[in-house]
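So the structure is just underneath, and the comments pick up after that.
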Amino acid sequence: MKKNIILTIAFSTIILASCQSKQKTDSSVIQEPLTEEMSSDLNSNSIDYKIAENYFVKNNAGKLEHPKIETLEKFNSIFGTATTMGKNGKPTTIDFSKQDVIALVLPETNLETSLKIVSLEHDSTAGITLKFKKIEGKKQTFTTIPNFAIIVDKKDDANVNLLQIN
C-alpha cells in the first residue's frame, strides 16, 4: 500500500513539473535591441509605444482601412484575445480613454512572415510615421495573417502613415 502511495506521489510530481515548463511563444513581431546605427537615428521625434500581446486577427476582420484604432469597439471588431497559460499569458491591457492602437494587418499568406518595427516618430509633414520591415521565410503548410498592434498615448494624436522599408 505504501509503495502505491509513493509511486502515485512521484508520478504526480513529475506530471506537475512538466506542466510548469516554459512555453515556447511564437511572436510575429520582432523587437530587437537598438544598434549604434539605430540609436543615432533616435531623436526627440520618437514616440514611446508598447506591443499589444496575446491578440489575433479575426477571420472576418476584413481590410484595415486606417492603422489608427481609437475605440474598443473598433479594436474588438478586428482583434480577438489569445490568452495562454503562464505569467505573461493575458492580453495586454489597453485603456482607450488614454491610449490608441496603431495596427498593421497584412493579407493572409502561407509564407513564414515576421514584422519588425524599426521606428515610430513624429514627422513634421506627415504626422506619425511607423517604419517596419517585413521578413519572409519558408513556405508553410498553413496560412497566417501577419500583424501587429502597438499601444501609444492619445497625446500622440496625428495621422499615421505606415512605411515598409527593405
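Atom set for the values below is all heavy atoms of this structure, side chains included, hydrogens, waters and symmetry mates excluded. We count residues from 1, following the sequence as given.
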Notebook entry, point to check: For Glu108 and Thr143, what are the C-alpha separation, side-chain angles and deciding distance, and is it a side-chain hydrogen bond (donor to acceptor under 3.5 Å, both in side chains)?
Noted result: CA-CA 6 Å; Glu108 188 173 14; Thr143 61; 2.5 Å; yes
Notebook entry, point to check: For Thr81 and Tyr55, what are the C-alpha separation, side-chain angles and deciding distance, and is it a side chain to side chain contact (heavy atoms under 4.5 Å, CB included)?
Noted result: CA-CA 5 Å; Thr81 59; Tyr55 291 98; 3.8 Å; yes
Next item on the list: Quick one: do Asp156 and His122 satisfy side chain to side chain contact (heavy atoms under 4.5 Å, CB included)? Show the steps, please.
Entry: CA-CA 8 Å; Asp156 295 312; His122 284 284; 3.2 Å; yes
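With a 4.5 Å cut-off on side-chain heavy atoms, Phe148 and Leu130 count as touching. Using a 4.5 Å heavy-atom threshold, the side chains of Thr92 and Ile151 count as touching. With contacts defined as side-chain heavy-atom distances shorter than 4.5 Å, the pair Leu64/Ile78 qualifies. A 4.5 Å side-chain heavy-atom check between Val118 and Ile165 finds at least one atom pair inside the cut-off. Using a 4.5 Å cut-off on side-chain heavy atoms (C-beta onward), Phe79 and Val57 make contact. Under the 4.5 Å side-chain criterion, counting only non-hydrogen atoms from C-beta, Ile150 is in contact with Ile117.
Using a distance-only test at 3.5 Å, with no hydrogens or angles considered, no donor-acceptor pair links the side chain of Tyr49 to the main chain of Ile102. Looking only at distances, a side-chain donor or acceptor of Asp95 sits under 3.5 Å from a matching main-chain atom of Ser97. In this structure, Ser77 contributes its side chain and Phe75 its backbone to no donor-acceptor pair below 3.5 Å. Using a distance-only test at 3.5 Å, with no hydrogens or angles considered, a donor-acceptor pair links the side chain of Lys154 to the main chain of Phe96. Side chain of Thr109 to main chain of Leu111: a donor-acceptor pair is present (N/O by atom type, distance under 3.5 Å, no hydrogens or angles). Between the side chain of Asn76 and the backbone N or O of Lys74 there is no donor-acceptor pair closer than 3.5 Å. The closest donor-acceptor contact from the side chain of Asn54 to the backbone of Lys90 lies under 3.5 Å.
Residue-environment remark: CG (Asn60) exceeds the threshold of 12 foreign heavy atoms within 6.0 Å. Atom CG of Asn159 has 12 or fewer neighbouring heavy atoms from other residues, nucleotides or ligands inside a 6.0 Å radius.
Within the model, atoms CZ of Phe132 and CD1 of Ile135 stand 11.0 Å from one another, a figure rounded to the nearest 0.5 Å. Atoms NZ and NZ, from Lys98 and Lys155 in turn, are 13.5 Å apart once rounded to the nearest 0.5 Å. One finds the OG1 atom of Thr129 at 4.0 Å from the CG atom of Asp123 (value rounded to the nearest 0.5 Å). In this structure, Asn161 CG and Glu121 CD are separated by 13.0 Å, a value rounded to the nearest 0.5 Å. To the nearest 0.5 Å, atoms CG (Leu162) and CD1 (Ile128) are separated by 11.0 Å.
Tracing side-chain contacts under 4.5 Å through hydrophobic residues (I, L, V, M, F, W, Y), one never reaches Phe56 starting from Leu115; they form parts of separate clusters. Note on Leu120: it clusters hydrophobically with Leu106, by side-chain heavy-atom contacts below 4.5 Å among ILVMFWY residues.
Residues Ala82 and Pro91 share a closest heavy-atom pair of N-CG, 4.4 Å. Closest approach of Val152 to Asp48, counting heavy atoms only: CG1-O, 3.9 Å. Nearest heavy atom pair, residue Ala158 against residue Gly127, reads CB-CA, 3.9 Å.
A salt bridge links Lys134 with Glu136; the closest basic N to acidic carboxylate O contact falls under 4.0 Å.
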